[in-house]
Amino acid sequence: GKGALYINQKDHADTMGRALRTAALAAVAVSGAQAFAPAAAGFVRPALRSCATAAKPSSLALRMNDENTEYKPVIPTADNSMAPDYAREPTQFERQGLVDSGASVSSVVGATGGGLTRREVYGVSGAAGAGVLGVVWALTRNIGYDRKSSAREAGKVTINAEAIADPKIMAAIAALKENRSTLNGLFEEFKKDKNVDLSDGVAEFELTSIRNNLNSVNLAAFDEDTQILTDRLSRNIIQDLVELEGAVKFKEGTERSPKRAAATQKRFVSTLEGFDKFLAYFK
């Protein structure tokens, strides 16, 4: 009697254990289905179910279950460049909700029926305003001296005699006079023969040495007000020599055209005038 009762209790316990294990496995299976496939398990909410069962666009569909369907990404083509529409792109303030997003499509309608966005109008207006301010500044700025005034020309200013008596300054002035003489000799050759090759002669001028001599004499001999004028003369001399080197060049075996000959003569005259105006202070 007692043995039969013990066997029945043991069988009942084994049956309950199997039932609990089955229930636990079922719960795990249900949880996995809900996590990985809620629509198939029937645990999805109505809104999600409608999204899950909604038809997908054919161009963007990625059919995970259909191995025969090839996924084709959307890329720009000749017919559709997919270029962004910057005119209708929301601004930073519009994205942050600080201004009405509908204002981004406002435009100024022109006479031809087209229009500019507000952003384009502001950009064009700003550029035009900056251009006007630049022109006004260029026309009204003070260049440091009166171009029509002759008060600082040679013979009307006092030269620092003690400074120019320095051997280095005297050597710089002598070198500038020699440069002027050499340049005049090249000009005389050009006047005799418009097709003479002067490239080698002009190339012998050391622009760095000439610039250093001009600056040394300028700083030693003149006061600050006169230096404003003589600085300009020095820059013009260097610039004329640079342009003269290009003007005298022409192809070997050809002749200078009348236009090229006139440009070369003009540059010779301008360079010599610059030397004469500067050296006139030291006669």
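All values below come from the heavy atoms of this structure, side chains included, with hydrogens, waters and symmetry mates left out.
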Compare every heavy atom of [Y] with every heavy atom of [X], then report the nearest pair and how far apart it is.
| X | Y | value |
| --- | --- | --- |
| V242 | L207 | CG2-CD1, 3.5 Å |
| S216 | I169 | O-CD1, 3.8 Å |
| A163 | A220 | CB-O, 3.1 Å |
| N213 | A172 | OD1-CB, 3.7 Å |

Rounded to the nearest 0.5 Å, what's the gap from [atom1] on [X] to [atom2] on [Y]? Could you check?
| X | Y | atom1 | atom2 | value |
| --- | --- | --- | --- | --- |
| S257 | K194 | OG | NZ | 12.5 Å |
| F275 | S234 | CZ | OG | 9.5 Å |
| R267 | D240 | CZ | CG | 5.0 Å |
| R260 | K249 | CZ | NZ | 9.5 Å |
| L233 | I238 | CG | CD1 | 12.0 Å |
| N195 | T254 | CG | OG1 | 8.0 Å |

- Item | Min side-chain heavy-atom separation L183-N179 under 4.5 Å | no
- Check whether any side-chain heavy atom of T230 lies under 4.5 Å from a side-chain heavy atom of Q227, and answer yes or no. yes
Could you state whether [X] and [Y] fall into the same hydrophobic cluster, counting links through intermediate Ile, Leu, Val, Met, Phe, Trp or Tyr residues with side-chain heavy atoms under 4.5 angstrom apart?
| X | Y | answer |
| --- | --- | --- |
| I228 | L219 | no |
| V202 | V269 | yes |
| F250 | L244 | no |
| V196 | L272 | yes |
| L279 | V217 | yes |

- When you look at F222 and N218, which way does the side chain to side chain contact (heavy atoms under 4.5 Å, CB included) test go after all the steps? CA-CA 6 Å; F222 307 115; N218 193 29; 3.1 Å; yes
- Under the ring pair (Phe, Tyr, Trp, His ring centres under 6.0 Å) rule, what pairs show up with a residue in residues 189-218, not counting sequence neighbours? F190-F268
- D223 versus T226, side-chain donor and acceptor atoms under 3.5 Å: yes
- Item | Test item: side-chain donor near acceptor, Q265 and K191, under 3.5 Å | no
- Item | Donor-acceptor contact below 3.5 Å, side chain S181 vs main chain K177 | no
- Query: Does the pair D231 and R235 meet the rule for a side chain to side chain contact (heavy atoms under 4.5 Å, CB included), with working shown?
  - Reply: CA-CA 6 Å; D231 275 340; R235 292 193 300 270; 3.7 Å; yes
- Would you indicate whether E188, at its atom CD, is surrounded by more than 12 heavy atoms from other residues, nucleotides or ligands within a distance under 6.0 Å? yes
- More than 12 non-hydrogen atoms from neighbouring residues, nucleotides or ligands closer than 6.0 Å to NZ on K277, yes or no? no
- Candidate pair R256 and T264, rule side chain to side chain contact (heavy atoms under 4.5 Å, CB included), full reasoning: CA-CA 10 Å; R256 285 189 177 92; T264 303; 4.2 Å; yes
- Tell me, with the steps shown, if E206 and T208 meet side chain to side chain contact (heavy atoms under 4.5 Å, CB included). CA-CA 6 Å; E206 293 290 341; T208 302; 5.5 Å; no
